[in-house]
Amino acid sequence: MSDRRFWAMSGGGADRGTGSDLRGRWTRSITAGLVVLGVVMAVGTGIASGRAAHEDELAEFERATARVTDAFEAQVERLDMVLNAVHGLHSGQVVTSATYRSFVGQLTGGSTLSERYPGVEAVGFAHERDGVIAFQMVEPSGVSLSFADVRRHPELTEGLWQSAEAGSTTLIELSPGLPGRFALAAPLHDAPSAEGEGGSRLGWSLVFVDEQALLHASLRGSNLVATISDDDGTNAATVADPSAATDRASTGLERTVRSELVDHEWNVTFRPIAGSTTLWQRYHHLGIGLGVLAIVWLAAWVFHVQSSGRHRAEVEVRRATGTIRAREQQFRALAGASPIGIFLTDPAGAVRFTNLRLSEILEVELEDLAGEQLWERLGVDPETSVTLLRDLAEGQASVVRFEPPGLQPRRVIALRAAVVLGEDGEVGGYTGTAEDITEQVDTHAALEEREARNRAMADRFAHQARHDALTGVPNRLHLLEQLEDVADRPVGTVALLLLDLDGFKLVNDTLGHAAGDELLVQISQRLAACAREGDVFARLGGDEFALLLRTGEQPRAALALADRLLAAIQRPITVAGETVTVDASIGVAVTTAQTRSADELLQQGDLAMYAAKAAGRGRVELFVPEMGTATHQRHTIERELRSAVENDGLTVAYQPIVELATGQVVAVEALARWTHPALGPIAPSEFIPVAEQTGLIDALGTLVRRRAIADAAEWWDDHGVSLAVNVSGRELAQPEFMSRLRADAQAGGLPPKALIVELTESQLATSNTAVDDLAVLQAGGARVAIDDFGAGYSSLSRLRDLPVDILKIDRTFVAGIGEPGGTSFVRAIARLGSTLGCQLIAEGIEEAAQAEGVAKAGCTLGQGYHFHRPMPASEIDAILRRSTVGAGMA
């Protein structure tokens, strides 16, 4: 500011005065009054400024606590998201340790759990066996779990049981051994049983959390201290902002908020850290008061000098001018050292004053800014700058954000501006500050991007929890959710189709599991294409699928759709370079007035599907109430048969095979028999299919063969009588079965040449591996017989290549003896057997005429009630002692 302008502003042309006593007294009085007024104004200004500073500090504290509270609540919500992700992983599938580690790697995105989810120390899965809870999987695997050791912390065990009893997520405090730590536990159950009983508990999904670390991450950058405690004030712990100094006493401000997770509440008390503000922020009200006092004192002094005479006034004015210049220099020095840009423009926006920081922000020399249009430097076009200046003049804008073009790297500048009014009340210019907020903007954008990724990840987890990982179609959980309102639907408007593939296991066993997966994908695509709009198609697991129909006239529409599904499945499919054909059994259940829940509808669909399988597979069956009774009987047989097998409750009967010409016994066939203590004798036609379907046939067959081998060893040694044993298709598919059979025979003392292995045509025709094993068994001396020959579907070329020694003619052909053309079939089979070099045994001979007829047709051996019924080993001993027996079957 020039000297001339300074004198123009300060009234340098005032009258020097005469210096009389009266004027002197008035001058001193006015000067004293001005000083007193200055003191009053300074005190008032300081008090007002201090109050404003306190209000600013209180407002900043409220903003900081709000940000931290939001961050803490977001962290708490993410704990529930992590638990749901872990829980969803274990629902409806078997999880291995490798799968679990891969899942946690995807969950954390390559970082650690504590980095990705502050406060989360580990995630795990616990299961219960024989009343004892143990950890099955915990990630990260190297984390110390002493705080979650079930033996050291019984409160964890008690919390898991409480969670299981409540059937919902539970928060378990690990105090007093580990204050400040807790676990979130959610029980996991498998699917309900076919009887409608609740699913058994598989275990618990767990998330272990350090609540202090949870709060510690939320406090970063806040300059706050927080104390977290339970609702009753116990287990209190204090956590501070890690980026702030914590060795200073906090101010008197304080705020307490409540946070809740799974019905557990915390009190979180926030206090600001003293010393986080600058000296200017703390004492600026004192400086403002002193400044006002100095200005008023200077005015009084100038007035006194001007009234004391020209010479003295000139001297004092020059002294005051020097003081103002010094203060101007101080202001310029202060502006130059300011960390933010400062500017002053004329009404048109031309720069009149700026500091060095603004020139650095705009990347231009300080002297080059003088006289330039500030708005153009900030990248504002002329038309927009006119609008901006008008808004500033009208008080409608105070803070504006700009991105000046041409700056490398890009800069974002926040401009705070205010109008400077002239003496006439018009706009005299604009003053304000400019701050580089690029880092803040980028940080905010990064946070928004991260939140978007988190939301996308949560959506992905939710999708994965409700969709099958292999086929991508909805899973059992999704279907159950859609079935929740089934009881509220009108009768006959909802139908459920349950579908189970027939022949899928054969594809898995012969072509491998990869081919089986490929088959499931193609089948699911075909089925989904058959579904109508509004239908819900889902894979329930394994080779079982479901289709929920909620529109249309049921059950007619459901049965028609089931036929289309069956036709789609039966079309040939190419997998692993091979063309395969599979079938399916479909059960249909339609809501009735008695349908009370989704579980009941599922159970009815299961019963109908099992009825379709029992009826011959490749069928569609509609549920009727009678199916429930049949299924109950089947489950009773399954339960009691399992107990009989485990407790040696089965017996073995033997039916002799005789020479037709002499009636001599040459072999016996071992047959399983079961007499239940309460139900009485149960026919093999009832319990053998159940054993096949449930897998009990392995244990049952092994039990029967070992007992028969022990009995038959003596018959072979004394009489040369061979032993025939039946082998199921399930057993034949096991790679180690043949070696186990040879080991059992050797352990029982029965030589291979005394053993006859009986199989059906279909079993031999569908298992290349079994054919090779049988050839090895045959080479060791044992013989192979095709049971029920003629009732299967073997081709002649296939039969020629099979390792077969004996053909047992099916009883249906024997029963036709005496009818027109009945003997012709037996004679044709006899000629075929002779051509193949096989012995022939006619089964089911019940009359003398049948025995005579098959003998004339070319058969040499027979078996049936006409000769002997199945009998216990003691009766076989008696028959053999009374008979003259030859060297057995040649």
Side-chain angles (χ1 to χ4, degrees), residues 613-619 653-661 663 666-673 682-689 691-692 697 724-729 732 756-766 783-800 802 804-836 838-870 889:
K613 284 186 176 293
R617 304 175 185 267
R619 296 172 57 89
Y654 302 93
Q655 186 172 30
I657 300 171
V658 303
E659 286 186 347
L660 294 175
V666 295
V668 293
E669 180 181 359
L671 302 169
R673 291 294 183 265
I682 299 177
S685 59
E686 290 188 47
F687 69 82
I688 293 296
E692 288 273 9
I697 193 67
V725 295
N726 293 280
V727 176
S728 70
L732 195 63
I756 302 171
V757 178
E758 292 192 11
L759 309 104
T760 64
E761 293 178 75
S762 60
Q763 292 167 358
L764 282 172
T766 57
R783 284 163 291 176
V784 178
I786 295 183
D787 196 13
D788 302 330
F789 183 76
Y793 51 83
S794 295
S795 64
L796 293 179
S797 61
R798 176 67 172 170
L799 186 62
R800 181 190 59 193
L802 294 175
V804 177
D805 303 287
I806 302 168
L807 300 179
K808 298 187 73 174
I809 302 174
D810 187 68
R811 64 181 61 246
T812 57
F813 298 106
V814 175
I817 296 294
E819 298 178 359
T823 308
S824 300
F825 285 103
V826 179
R827 187 178 294 111
I829 295 174
R831 284 198 297 268
L832 176 61
S834 177
T835 302
L836 296 174
C838 297
Q839 281 187 306
L840 293 175
I841 300 175
E843 293 185 289
I845 298 175
E846 298 184 357
E847 300 173 356
Q850 293 175 344
E852 183 180 352
V854 296
K856 290 180 180 180
C859 291
T860 59
L861 302 174
Q863 182 181 12
Y865 283 8
H866 174 65
F867 302 107
H868 300 284
R869 292 177 176 271
M889 294 177 61

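Contact detail for E758 and A724: the closest heavy-atom pair is OE2-CB, 3.4 Å. The two residues Q655 and Y865 come nearest to each other via the heavy atoms NE2-CD1, 3.8 Å. P656 and Q863 make their closest contact through O-CG, 3.5 Å (heavy atoms, listed as atom of the first residue, atom of the second, distance). The two residues I786 and T760 come nearest to each other via the heavy atoms CG2-C, 4.4 Å. Of all heavy-atom pairs between A851 and F867, the closest is CB-CZ, 4.0 Å. Contact between L807 and C838 at its shortest, heavy atoms only, is CG-CB, 4.1 Å.
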Step by step, would you call R811 with E843 a salt bridge (charged side-chain N to carboxylate O under 4.0 Å, His left out)? CA-CA 5 Å; R811 64 181 61 246; E843 293 185 289; 5.2 Å; no
Could you walk me through whether I697 and S728 pass the side-chain contact (heavy atoms from CB on, under 4.5 Å) test, one step at a time? CA-CA 7 Å; I697 193 67; S728 70; 3.6 Å; yes
Would L660 and I845 count as a side-chain contact (heavy atoms from CB on, under 4.5 Å) here? Give the steps. CA-CA 11 Å; L660 294 175; I845 298 175; 4.1 Å; yes
Audit row: D787, N726, side-chain contact (heavy atoms from CB on, under 4.5 Å) steps and yes/no: CA-CA 9 Å; D787 196 13; N726 293 280; 3.8 Å; yes
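With sequence neighbours excluded, no residue forms a side-chain contact (heavy atoms from CB on, under 4.5 Å) with P689.
You'll find the side chain of L759 reaches within 4.5 Å of the side chain of L732, heavy atoms only.
Distance CG/L836 to CD1/I806: 13.5 Å, rounded to 0.5 Å. Put simply, CG on L840 and OG1 on T860 are 6.5 Å apart, with the number rounded to the nearest 0.5 Å.
Salt-bridge check for K808 with E669: passed, with a basic side-chain N closer than 4.0 Å to an acidic carboxylate O.
Each salt bridge (charged side-chain N to carboxylate O under 4.0 Å, His left out) pair with one or both residues in residues 845-856, not counting sequence neighbours, appears once here: E852-K856.
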For residues 815-833, run the donor-acceptor check on the side chains, cut-off 3.5 Å, and write out each pair with its distance to 0.1 Å, sequence neighbours left out.
none

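Put simply, the residue from V668, I841, I756 that forms a side chain to side chain contact (heavy atoms under 4.5 Å, CB included) with I657 is I841.
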